[in-house]
2 protein chains.
Amino acid sequence: MSDSPAPRTARAIARAELTRAILDSASAQLAETGPAALSVRAVARDLGMASSAVYRYFPSRDALLTALLIEAYDDLGTAVEVADAAVERADLARRWAAICHAIRDWARAQPHRYALLYGSPVPGYAAPDDTVPAAIRVTTALLTLFSDAQAAGVRPVTTVPLTDDEQAALAPLRAFTDPTLDATWSIRGLLAWAALFGNLSLELFGHMYRGILDYDAHFAQLVDQLAADLGLA
Amino acid sequence: MSDSPAPRTARAIARAELTRAILDSASAQLAETGPAALSVRAVARDLGMASSAVYRYFPSRDALLTALLIEAYDDLGTAVEVADAAVERADLARRWAAICHAIRDWARAQPHRYALLYGSPVPGYAAPDDTVPAAIRVTTALLTLFSDAQAAGVRPVTTVPLTDDEQAALAPLRAFTDPTLDATWSIRGLLAWAALFGNLSLELFGHMYRGILDYDAHFAQLVDQLAADLGLA
DNA sequence: AACAAACGAGAGCACTGCTCTTGATTTGTG
DNA sequence: CACAAATCAAGAGCAGTGCTCTCGTTTGTT
């Protein structure tokens, strides 16, 4: 965020401050009306400035949206890391539950920001390179948990064998953590990852409408079941 | 779709034809540029008519988008039902695989339409009542498969016990199929549902970028694993 | 044949993202 | 300190959008 080494001149200070104000106003507008309705002119009106002035700080609407995307990823990443850190590190089942519920709590509190992150990508496909560092934080938390569990000798329930093709397909993922994830942990971990975000998206995007009555109860059940399948319970 | 009992007058015929032409043009534009960029004026230009004339057929852009949504749900539903019907009804494992791969093939062939269905909802929350009949077709195919499997004596791998709250939360879903789904099938079925669409969305929306190399191999593996957890393999 | 409903085309409004020009302010340097 | 260069805010303007309204024309019904 503030990687610039303390702005000295008055102009640099004003610029940093206005950049923040634009992001705050845009973030508020995003939370209310969603990414599609985010308007540069509305942000300018909110801040009492000309719309053309905003373009001195963000070259385009997509660039502003990308900045909001990165901020949202960082916000969620922080929430997950805080929840994870609040639990005894050896209590793997509780860490799993803490991470899952932190993600869901964050998503339900600001569904539009969740939609920006995990819904349909809005601006073409937003430049991945800039967003990746922020985006992988929550993934990293999950992978670290899986790695810790594997190192502690936890074994998920058995899986179907991996073919060579499938082994190769998961190579970069398995090599991400310090003790490399074995086949079983890779499969169960990815399945849990997909089920977790799949359930979240299906819930928040309205696909459980009239099919499931109590979303809280169902999610808690899903997290418990995934924990059991991961060998954590 | 064509529930009106055969248009008799020339005007009614022309209206039906133009409605179809608008939907086709809009669908093509949707497939190319995505839901956000769908423009009523562009559709009108494509058909060589005034933009105001389009509003005689669809009262708003959102209404046009909703019609496209329903068509896409029906299209996907048909693809799933065809794939399911092409497999020996007693071969439950093959039916499961056929349904899963039909969904993915459809989604990869037209990612923008998939995003319209399972990505962030675009127009507020599109009137659910109109879209529900088309939307539940793919869900029905899955639930029917689960119900058939349960009736055939297939047992998924064991699950954590359901509390009364969780039982109640799933009531409408379990009552949907003819032989009511038992607790184990409900849990494993919903988990498979979430994992299936979760994997699909994460893949299509770019969240596996540089983490998984071969999406085909990984998806095939996921489907196999879910089949095993469902007791089908 | 007469009347009403439906229709297509066009103008127009309010809004958007974005660019360009103009004039004021701040900056680093001779 | 002075001055040139960089930076900035503001406004006008362009092309595009969704949508409404009006105005003749065409079509269906009686």
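Reckoned from all heavy atoms, side chains included, excluding hydrogens, waters and symmetry mates.
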Expressed as a whole number of angstroms, how long is the span from [X]:[atom1] to [N]:[atom2]?
X	N	atom1	atom2	answer
A:L65	C:dG17	CG	C1'	13 Å
B:R15	C:dA5	CZ	C1'	12 Å
B:E17	C:dG8	CD	P	12 Å
A:D46	C:dT16	CG	P	13 Å
B:I13	C:dA6	CD1	C1'	16 Å
B:Y57	C:dA6	OH	P	12 Å

*CD/B:Q225 to CG/A:L191 distance, rounded to the nearest 0.5 angstrom?*
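If I round to the nearest 0.5 Å, the distance is 6.5 Å.
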
*Spacing of CG belonging to B:L23 relative to CG belonging to B:L18, to within rounding of 0.5 Å*: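 One gets 10.5 Å once the value is rounded to the nearest 0.5 Å.
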
Reckon [X] touches a base, only the sugar-phosphate, or nothing at all at heavy-atom distances under 4.0 Å?
X	answer
A:L64	nothing
A:F58	nothing
B:L18	sugar-phosphate

_Pairwise salt bridge (charged side-chain N to carboxylate O under 4.0 Å, His left out) hits with a residue in residues 196-205 of chain A, at least two apart_ =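 Residue pairs with at least one partner in residues 196-205 of chain A: A:R104-A:E203, A:R108-A:E203.
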
*asked:* I'd like to compare against my own output: the B/S/- annotation of nucleotides 18-30 of chain D with a strict under-4.0 Å heavy-atom distance to protein.
replied: BBBB----BBS--

*asked:* Can you confirm whether or not the ring centre of A:F197 sits under 6.0 Å from the ring centre of B:H207?
replied: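 That pair fails the under 6.0 Å test.
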
*Compute whether any side-chain donor of one residue and acceptor of the other, for B:Y114 and B:S201, lie under 3.5 angstrom apart.*
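A pair is found: one side chain offers a donor N or O, the other an acceptor, under 3.5 Å apart.
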
_Given 3.5 Å as the limit, does a donor-acceptor pair link the side chain of B:R174 with the main chain of B:L181, or not?_
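Pair found, side chain donor or acceptor close to backbone of B:L181.
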
